[in-house]
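The structure presented is a predicted model; accordingly, all values stated were derived computationally and were not measured.
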Amino acid sequence: MIAGIDLGTTNSLIGVYESGFPTLLADSEGKRLIPSVVFYPENGAPLVGREGLRMQALHPERTVASVKRLIGRRFGEDETKDLAGPKGSPVTIPINGEDLYPVEVSAEILKKLKAIAEDRLGTAVDRAVITVPAYFNDAQRAATRKAGELAGFAVERILSEPTAAALAYGLDRLQENARVAVYDLGGGTFDLSILRLDNGVFQVLSTHGDTRLGGDDLDEAIAGLLLREAEITTLSTEITPEMKVRLKEAARAAKELLSNEESTFVRLPFMKGSKSHEISLTRAQVEKVCEPIIAKTRAHCLRALEDAGLKAEELDQIILVGGSTRMPLVQRLAAEIFGKQPNLSQHPDEAVALGAVLQGAILEGNLQNVALLDVTPLSLGIETFGGLMNVIIPRNTTIPAKAGEMFTNAVAGQSGMKIIVLQGERELATDNWTLGSFEIPFPPSPKGAARVGVQFSIDADGILQVLARDTSTRSEKIVEIQSAVEVSDEAVEAMLAGSLEHAFEDMDARVFTEARLKAEEMLPAVEAALAQLGSELLESEVLEIQGKSSEVQAALESKETVRLKQALAALDNATQTLATKLLEKAMG
């Protein structure tokens with residue numbers, strides 16, 4: 001039996017497919033939503049879920065919440081600004097004098113879910129499908145898989161959350177050839193994916209998102225509003241960790257209540273000394289502070305539409321997923337962006353978990369005629385001579401995927417090739433991210449004689465494997481990229497925005513680089529040919545070639561792309577007779 005798990009920032013769920021139906025399992029208190037909170041006592045086993053949540057206000061220094069935002073991350077990234085550690089090294093969380101890795105904390109949550117399932121079913125549950133945000137990079141996906149394995153699961157699939165949600169909605173609700181936008185605003189992340197359902201196949205056409213944007217940010221904004229309304233200073237010396245936890249809890253409760261009511265009272269007992277506060281809060285006040293945060297999702301929606309080659313009116317359904325989508329403000333924004341009312345028929349907190357359960361059923365063969373095709377969110381390639389990005393697997397390619405290309409040596413006598421694996425959308429290698437590098441050796445060869453095949457393979461979890469093989473010796477190296485983009489998710493979004501903003505100058509830089517490489521190869525070749533056969537040309541022909549060569553050199557120094565291309569074309573035309581004589585001599 002394969003369990004389906006939504007490992008969420010705020011809450012997590014587990015379910016199984018039994019008796020022909022997907023079923024989400026409840027804990028001993030009869031609740032399916034399990035808080036993603038872990039409390040570490042000074043002695044004894046961690047308390048997870050509701051037990052951990054109850055201890056958070058009393059011992060925040062020994063409680064970990066929203067660990068999903070830290071999994072697969074490194075110190076120095078935006079999400080880790082409150083944690084101290086060596087920049088670039090994997091994040092750890094100090095608890096009880098020990099440094100815990102986020103993957104270990106996540107494993108505790110998964111162990112809790114596993115125990116709930118086994119208690120409910122009376123049998124071992126050791127296989128799972130676990131969901132992640134569509135914009136999780138390789139490192140975050142690999143860390144999620146490891147957490148599952150530490151918890152005792154064989155992780156059968158890492159599944160993107162919007163894809164899981166579409167599956168939960170789609171089996172009995174969508175028409176064939178339907179195009180669907182999944183707007184997923186969870187506790188810590190936002191994803192917008194556009195999918196197409198065609199003859200039982202769910203294909204992701206495009207995806208955009210931000211793994212640093214979610215309900216936690218809304219709660220922070222509302223907590224700030226409460227502080228201002230209560231006239232409590234926000235100085236760290238005044239607001240204790242315990243007060244912060246209580247503020248966040250009050251803010252979250254107010255957000256949920258005001259999704260259905262127009263106003264409420266928020267009580268903050270003993271927030272400053274012996275003083276308590278009772279604050280009147282309206283939906284309008286909450287929407288005012290939350291609107292700038294929610295508005296950030298608009299750009300992701302528009303870019304996903306553009307990538308999918310669709311207009312908003314061509315979509316058949318808008319699906320809202322994640323607890324924060326209960327807010328009327330979110331529903332209004334989604335309706336405004338896509339020009340139609342969103343589909344609210346599914347439970348927003350449970351749709352992702354249900355989709356994971358259904359994916360598990362598909363893998364077990366309990367559901368037929370349904371397939372999921374996910375995509376890679378950023379292009380993958382290698383650096384080529386001249387510092388250019390050579391794309392091997394383009395962005396939004398359906399995965400699993402495999403693609404390759406043949407490369408040759410650019411320098412005579414070269415005895416190896418360094419394969420630098422890149423991810424990004426820019427034309428120049430330096431503007432993209434380096435995922436890893438390795439060397440493939442081959443016998444010293446004349447320029448262009450060596451041939452190295454490079455193959456990229458992405459599995460269903462989005463994990464990249466790179467193979468390089470020298471065709472002459474058949475020697476090869478295979479590298480699995482387990483730690484992909486080690487930068488903040490803000491930088492991921494900046495990459496996509498930068499690729500649009502700098503599209504023209506990037507292309508100009510690429511064209512100039514290609515022209516420069518051609519010029520640097522052509523000029524010495526022309527000079528050598530003149531030295532060899534110049535006496536067989538008319539003096540006027542030699543002078544013209546020398547003049548055109550000088551113009552190419554001047555254009556190179558000016559770094560003017562159009563001028564260089566024109567100069568190269570003129571030199572190419574001027575050397576036609578010389579090239580013919582070289583060919584005749586070689587054939588003779």
Check: Could you walk me through whether Lys111 and Glu108 pass the salt bridge (charged side-chain N to carboxylate O under 4.0 Å, His left out) check?
Finding: CA-CA 5 Å; Lys111 287 177 187 176; Glu108 294 295 341; 3.6 Å; yes
Query raised in the report: Is any side-chain heavy atom of Leu218 closer than 4.5 Å to a side-chain heavy atom of Met327?
Result: yes
**Message:** I'd like to know if the side chain of Arg196 and the backbone of Leu205 have a donor-acceptor N/O pair within less than 3.5 Å.
**Reply:** no
Nearest heavy-atom approach of Gly214 to Arg69 is N-NH2, 3.7 Å
Quiz item: Should Gln140 and Arg73 count as side-chain neighbours, where that means a heavy-atom distance under 4.5 Å?
Solution: yes
Within the 4.5 Å heavy-atom criterion, are Leu24 and Leu354 side-chain neighbours or not? yes
d(Phe338 CZ, Leu305 CG) to nearest 0.5 Å is 5.5 Å
What one should report as the nearest heavy-atom pair of Ser206 and Asp307 is CB-CB, 3.6 Å
Worksheet item: Can you tell me if Ser259 uses its side chain to pair, donor with acceptor, with the backbone of Lys255 under 3.5 Å?
Response: yes
Taken in chain and number order and not counting sequence neighbours, the residues that satisfy side chain to side chain contact (heavy atoms under 4.5 Å, CB included) with His59 are Phe39, Met55, Glu61, Arg62
**OP:** Determine, step by step, whether Arg32 and Glu350 satisfy the salt bridge (charged side-chain N to carboxylate O under 4.0 Å, His left out) criterion, reporting the C-alpha distance in whole Å, the side-chain angles of both residues, the deciding distance to 0.1 Å, and the verdict.
**Re:** CA-CA 9 Å; Arg32 295 188 291 270; Glu350 297 182 353; 2.8 Å; yes
Applying side chain to side chain contact (heavy atoms under 4.5 Å, CB included) to Val352 and not counting sequence neighbours gives Asp6, Thr131, Glu161, Ala164, Ala165, Asp184, Val321
Enumerate donor-acceptor pairs with a distance under 3.5 Å from any side-chain N or O in residues 309-316 to protein atoms, sequence neighbours excluded.
residue, atom, partner, partner atom, Å
Glu314, OE1, Lys311, N, 2.6
Asp316, OD2, Arg179, N, 2.7

- Got Leu70 and Val105 here, is their nearest side-chain heavy-atom distance under 4.5 Å? no
Note: Ser106 and Ala147 closest approach over all heavy atoms is CB-CB, 3.8 Å
Notebook entry, point to check: Asn96 side chain to Tyr40 main-chain N or O, any donor-acceptor pair under 3.5 Å?
Noted result: yes
Minimal heavy-atom distance between Gly355 and Leu159, with the atoms involved, is O-CD2, 4.2 Å
Quiz item: Just by modelled atom types, is the Thr163 backbone N or O under 3.5 Å from a matching donor or acceptor in the Ser160 side chain?
Solution: no
I want to know whether Phe190 and Tyr183 have ring centres closer than 6.0 Å. yes
Could you check whether any side-chain heavy atom of Leu192 comes within less than 4.5 Å of a side-chain heavy atom of Cys301, counting everything from C-beta outward?
yes
Does the side chain of Thr144 come within less than 4.5 Å of Val155's, by heavy atoms? no
In terms of heavy-atom contacts, Ser324 and Val330 come closest through O-CG2, 3.5 Å
Side-chain heavy atoms of Val64 within contact of Val37, under 4.5 Å: no
Between Glu156 and Ile2 the two heavy atoms that sit nearest each other are CG-CD1, 3.9 Å
Exercise. If only atom types and distance count, is the side chain of Lys68 paired as donor or acceptor with the main-chain N or O of Leu7 below 3.5 Å?
Worked result: yes
- Are any side-chain N or O atoms of Asp99 and backbone N or O atoms of Thr92, one a donor and one an acceptor, separated by less than 3.5 Å? no
**Asked** Are any side-chain N or O atoms of Thr297 and backbone N or O atoms of Ile294, one a donor and one an acceptor, separated by less than 3.5 Å?
**Response** yes
Judged by atom type as modelled, is there a donor-acceptor pair below 3.5 Å linking the side chain of Ser36 to the main-chain atoms of Gly8? yes
* To do: Using modelled atom types only, decide if a donor and an acceptor are shared between the side chain of Glu364 and the backbone of Met1 within a distance under 3.5 Å.
  => yes
| Test item: Arg283 side-chain N/O and Leu258 main-chain N/O as donor-acceptor pair under 3.5 Å | yes
Carefully, step by step, assess Glu256 and Arg326 under the rule salt bridge (charged side-chain N to carboxylate O under 4.0 Å, His left out). CA-CA 8 Å; Glu256 294 171 357; Arg326 287 193 182 90; over 6 Å; no
Audit row: Asn11, Asp349, side-chain contact (heavy atoms from CB on, under 4.5 Å) steps and yes/no
CA-CA 9 Å; Asn11 295 293; Asp349 286 316; 5.6 Å; no
Pair Arg332, Glu287 - check salt bridge (charged side-chain N to carboxylate O under 4.0 Å, His left out), show working. CA-CA 11 Å; Arg332 291 199 304 272; Glu287 290 188 344; 2.9 Å; yes
Any heavy-atom pair between the side chains of Ile319 and Leu344 that's under 4.5 Å? no
